[in-house]
Enquirer: 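Sharing a structure with you now.
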Amino acid sequence: MSLKRHILDLRRRKQKVEKGGGETAIEKQAAMGKMTARERILYLLDDKSFSEYDLFVEHEGRDFGMDKKELHGDGVIIGTGTIYGSSVCIFAQDFTVAGGSLGLMHARKITKIMDHALKMRVPLIGINDSGGARIQEGVNSLAGYGEIFYRNTIASGVIPQISVILGPCAGGAVYSPALTDFVFVVDQISKMFITGPNVIKTVLGEEISMEDLGGARIHAEITGNAHFFAHSEQECFEQIKKLITFIPWHNDQKAKPFPPRDPKFEKNIEDIIPSDPRQPYDVRDVIKAIADDSDFFEIQELFAPNIVIGFGRMSGKTVGFVANQPLVLAGVLDCDSSDKAARFIRYCNAFDIPIITLEDMPGYLPGVDQEHAGVIRHGAKVLYAYSEATVPKITVILRKAYGGGYIAMNSRHLGADFMFAWPTAEIAVMGPEGAASIIFKKEIEEAIDPVKMKAIKVQEYIDRFANPYVAASKGYIDSVIEPKDTRAILLHALEVSSTKTELRPEKKHGIPPF
């Protein structure tokens, strides 16, 4: 056979495989409002940058008629490409081929690109769209999942791992995304669950829809399994592209710097916080008033909104923001917000991203429900994460900093490198009204006008304790600053701490309160 005929044969084989499950299956995918696996990869990556591997891999199933089935590429596409000119590894499950089910060779393709990503120190992006384990291959499918989970864990904290749920992700398959750094979901398309609606109906006799069981909004708002929520696949891919601009390619380098830009937020920073300490405000306005270009990329926006986390830039360099949100539950820490903050802090620490904490919270959320849900254990995760972190850690106390909450939100006592406070800061064991009611209980009860006496004692407590100057006099606060100077002071602190080195006792690893 001549070279020309060999080339024509290669092209014919490629065209056949690239059609996936065939035209009918592709039409069904489109009818569900979903791109094909190949379309997704090509949309996300830079134009003409995708190089595919293992195109001709075939499944090894021989039972239940599998030996007669032709599953092109074994239901998954793997390869490398670039996003904004930088290399990434990627895989996308192809639902048009056997429902994207995972068999042995399918898993080996995924683990191959995972190994490649770790060796080459580049981000790994996985697009999940699969009916789950291929039951015809039995334990081989389960083995495949286990080998994927193992690699997720080994790569954790070394390279960024991004999961995109663009279809069903059921049973054991959900644990790979759960082990990765960021999970993206799309409304009405993404589904994640351990047990499907039919099994629940059989076992418990309950009727439940797939969307209510594990739809995109459920995981973005309630479970916290998803970090980003989009209304279309295209919006989802744009979110991924933006995230990529903020994070390092691996743990031995910094995120790519951008040209420094002044904030463009129009509101005066001194007008953001109300004069009445009981009135809420949006802490994201404070972030936008100090971040470069007022650009703040929020993470898990819909989950546990009483804490705000996300990336921004200061002088062109990526920083992580952690901030209490007075708009929701007065910004208290509870089980979910503690988990949310602690995980983000640990991500920033793993990838050498400085952390800026903006504090305004009255403490941990009280109540029987929280106590029974384990607020002590969950709350301790924040203490652990901040104490463990060796990246530059800077805190600004904006208003309330009471009790255990003051300690938890990156206080000097947990190793903060710089502690600043606005003049509006209230640092105390508890709120002035509650404290005065306890300390001056007898005087208030015996007063001719208890209401007036309580107001006097509340103010006395504020003057003596609930202000930033007491903490500053002890050296717990480095400086009480004017709000308008916040950005300049943070920029200086970040510059000074850019060469920070902190040694810890040698150990295999700590034991966080998981």
Side-chain angles (χ1 to χ4, degrees), residues 268-281 283 285-287 289-290 321-326 330-333 355-364 382-383 386 392-441 443-444 452-494 496-497:
N268 189 327
I269 193 170
E270 295 185 351
D271 296 331
I272 294 173
I273 295 185
S275 56
D276 184 347
R278 293 169 295 185
Q279 290 296 312
Y281 62 93
V283 76
D285 289 345
V286 178
I287 297 173
I290 60 178
F321 285 99
V322 180
N324 305 113
Q325 177 57 288
V332 296
L333 281 173
I355 302 167
I356 294 176
T357 302
L358 303 178
E359 182 174 0
D360 183 357
M361 53 95 79
Y364 284 93
V382 180
L383 302 171
Y386 271 127
K393 298 180 291 187
I394 306 166
T395 298
V396 182
I397 301 176
L398 308 178
R399 199 166 60 175
K400 296 182 177 68
Y402 296 155
Y406 156 67
I407 300 170
M409 293 300 293
N410 193 38
S411 63
R412 168 59 42 77
H413 324 294
L414 297 187
D417 298 298
F418 293 97
M419 288 289 301
F420 304 109
W422 286 7
T424 47
E426 302 172 11
I427 306 169
V429 174
M430 61 190 302
E433 290 202 10
S437 297
I438 296 171
I439 297 172
F440 306 110
K441 180 180 179 181
E443 293 175 66
I444 293 171
K452 183 178 180 181
M453 178 58 71
K454 182 177 179 179
I456 293 171
K457 292 303 181 182
V458 166
Q459 188 59 50
E460 180 181 338
Y461 183 84
I462 292 172
D463 294 340
R464 292 181 62 184
F465 299 107
N467 62 71
Y469 303 104
V470 175
S473 73
K474 309 289 185 185
Y476 301 149
I477 301 294
D478 294 312
S479 184
V480 181
I481 64 174
E482 294 186 36
K484 66 181 179 63
D485 297 328
T486 304
R487 175 174 162 85
I489 288 170
L490 287 174
L491 288 172
H492 177 72
L494 288 166
V496 169
S497 59

Enquirer: For Pro468 and Ile477, which heavy atoms make the closest approach, and how far apart are they?
Expert: O-CG1, 4.3 Å
Enquirer: Measure across Ala401 and Glu359 and return the closest heavy-atom pair with its distance rounded to 0.1 Å.
Expert: CB-OE2, 3.3 Å
Enquirer: Return the set of residues passing salt bridge (charged side-chain N to carboxylate O under 4.0 Å, His left out) with Glu270 (not counting sequence neighbours), or none when no residue passes.
Expert: none
Enquirer: Going by ring pair (Phe, Tyr, Trp, His ring centres under 6.0 Å), name the residues that satisfy it together with Tyr406, two or more places apart in sequence or in a different chain.
Expert: His413
Enquirer: Are side-chain heavy atoms of Val480 and Phe420 found at a separation under 4.5 Å?
Expert: no
Enquirer: Between Asp417 and Ser497, do the side chains contain an N or O donor and an N or O acceptor separated by less than 3.5 Å?
Expert: no
Enquirer: Under a 3.5 Å distance rule, please check whether Asn467 uses its side chain to pair with a backbone N or O of Glu426 as donor and acceptor.
Expert: no
Enquirer: Under the criterion side chain to side chain contact (heavy atoms under 4.5 Å, CB included), I'd like the reasoning laid out for Met409 against Asn324: C-alpha separation, chi angles, the key distance, then a yes or no.
Expert: CA-CA 9 Å; Met409 293 300 293; Asn324 305 113; 3.6 Å; yes
Enquirer: Going by distance alone, is a donor N or O of one side chain under 3.5 Å from an acceptor N or O of the other, for Tyr386 and Thr357?
Expert: yes
Enquirer: Would you indicate whether the side-chain heavy atoms of Ile269 and Trp422 approach each other to under 4.5 Å?
Expert: yes
Enquirer: Any sub-3.5 Å donor-acceptor pair from Arg399's side-chain atoms to Arg278's backbone N or O?
Expert: no
Enquirer: Using salt bridge (charged side-chain N to carboxylate O under 4.0 Å, His left out) as the criterion, list what pairs up with Lys441, not counting sequence neighbours.
Expert: none
Enquirer: Hey, are the side chains of Ile355 and Phe321 touching, using non-hydrogen atoms and a 4.5 Å cut-off?
Expert: no
Enquirer: Determine the minimum heavy-atom distance between Ala408 and Val382, stating which atoms define it.
Expert: O-CG1, 3.6 Å
